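Both backbone and side-chain heavy atoms feed into the values below; hydrogens, waters and symmetry mates do not. Predicted, not measured: the structure shown is a model, and the values here were computed from it. Order of appearance sets the numbers: ligands from 1, and atoms from 1 within every ligand.
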Amino acid sequence: MTTPLPPTTPRNGRVYNFSAGPAQMPESVLEQLQREIMDLDGTGIGLLEHSHRGPSYDRLLTEAYDSVRRASGLGADWEVLFLPGGSMQHFSLIAMNFIPKDGFAAFADTGLWAHKGEIETRAVRNTRTVFDGASCRFDHVPADNEIADCTGASYFCYCSNNTVEGTQFARPPKVNAPLVCDATSDLFSREYALDAHELIFASGQKNLGASGISLILVKKSFLAKADASLPGLLSYANFAKADSRPNTPPTFGVRVIGLMSKWIADHGGPKVFAVLNAKKAANIYAAIDRSNGFYRPSMRDDCRSQMSISFQLPSDALVDAFVAESEKAGLFGLRGHRDWGGIRACVYNAFPAHGSELLAEFMDDFKKKQA
Ligand code: PMP
């Protein structure tokens, strides 16, 4: 059964947090974690204190798997894995698991994280850049016919939402190689053809709550091709065999991802959040569009992200003023990535809709004051 989303105004002295991650979480999830940290299920033992081999953790793990499956809509032909470390770790791990020593991965260089991901991959295997976004200053994600031939690649890796530049794929690209997706900043935020992929990975700290842990969704048929000779703690197959706990797992992070996925599924799943997120993003893009060029997005209109809205101002001094004044208005976390500058507003699933209306009003007022 779908429960309606709760009121959208932060309570208990909390503020609107537009941070790119770690990011705003639902208060109901935070409150449940607060209770569980003291005492899980009336056991007299807190969430952080339970053995990862005991029945309480067994229950939390099962619930986390079930909730991820509900939120993703993926079937029994997919494996769900929780691994320690953020998604940056997975670029080299995926390479070691799925590329033979003389093979290569194809990469779409659509922005900072995709670029860093290719560099990480190259530390262990060869790569081939089949779309170079630097030539267009990362102003768009490629159409299928802009991606070079991927023949021979073990997989094609791309980033579905470019968190820094604010561009997003509308649908998975069609290329002649298995698809691997870094969905760190938009997983479960919209209806997306996850099934078109062989492997999808995401750090927790955006739509899934906790940093330092990653969710890996991998097709069982793809996993069957993984290198079986890797050390156990680098092997996805081993994590699958060991129920995501070949050693002591990040139990807290698994619980957070479980609760966040449950929260998403209980409120209608990606289909419902897609509508909400589009509305939040539209409020902010509308303020950009009516500013007569004062707010300058660097991406093409047809690639605008619904999750991370990024734009520049006429000067760095104005960016500083914008950040300082927005904080006075209760709007936090708006400074753009340190390598990109400007302003960035992330409106992940748990970001309250009203906050995007307030930001749009703030943007109108801020611009008026500069006239
Ligand atoms: N990919 C994307 C799309 C990201 O936004 C980020 C973090 N902002 C990363 C990868 C890296 O994640 P982590 O720091 O958790 O390794």
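In terms of heavy atoms, Lys367 sits closest to Ser291 at CE-O, 3.4 Å.
Only side-chain heavy atoms of Lys206 come within less than 4.0 Å of ligand 1; its backbone N, CA, C and O stay farther off. Of all the heavy atoms of Asn161, the ones lying under 4.0 Å from any atom of ligand 1 belong exclusively to the backbone. For Ser87, heavy-atom contacts with ligand 1 shorter than 4.0 Å involve the backbone as well as the side chain.
Glu36 CD to Glu31 CD: the interatomic distance, rounded to the nearest 0.5 Å, is 12.5 Å. For the atom pair CG of Asp41 and CG of Leu60, the computed distance is 7.0 Å after rounding to the nearest 0.5 Å.
At the top of the distance list for atom 1 (N) of ligand 1, counting protein heavy atoms only, stands Asp182 OD2, 2.6 Å. The protein heavy atom nearest to atom 16 (O) of ligand 1 is Met88 N, 2.9 Å. Scanning the protein for heavy atoms near atom 13 (P) of ligand 1, the closest one is Ser203 OG, 3.5 Å.
Residue Gln205 places a heavy atom under 4.0 Å from ligand 1. Ligand 1 lies nowhere less than 4.0 angstrom from a heavy atom belonging to Ala20.
For atom 3 (C) of ligand 1, the nearest non-hydrogen atom from the set Asp186, Leu112, Thr163 comes from Thr163.
Contact annotation: the side chain of Arg296 approaches that of Pro314 to within less than 4.5 Å [non-hydrogen atoms, C-beta and beyond].
The ligand atoms of ligand 1 that sit less than 4.0 angstrom from a heavy atom of Cys159 are 3 (C).
The only option from Trp113, Tyr155, Phe91, Tyr236 that meets the ring-ring contact (aromatic ring centres under 6.0 Å, His included) definition with Phe201 turns out to be Phe91.
Side-chain atoms of His354 and Glu357 include a donor-acceptor pair closer than 3.5 Å. Between His50 and Thr43, the side chains place a donor N or O and an acceptor N or O closer than 3.5 Å (distance only, hydrogens not considered).
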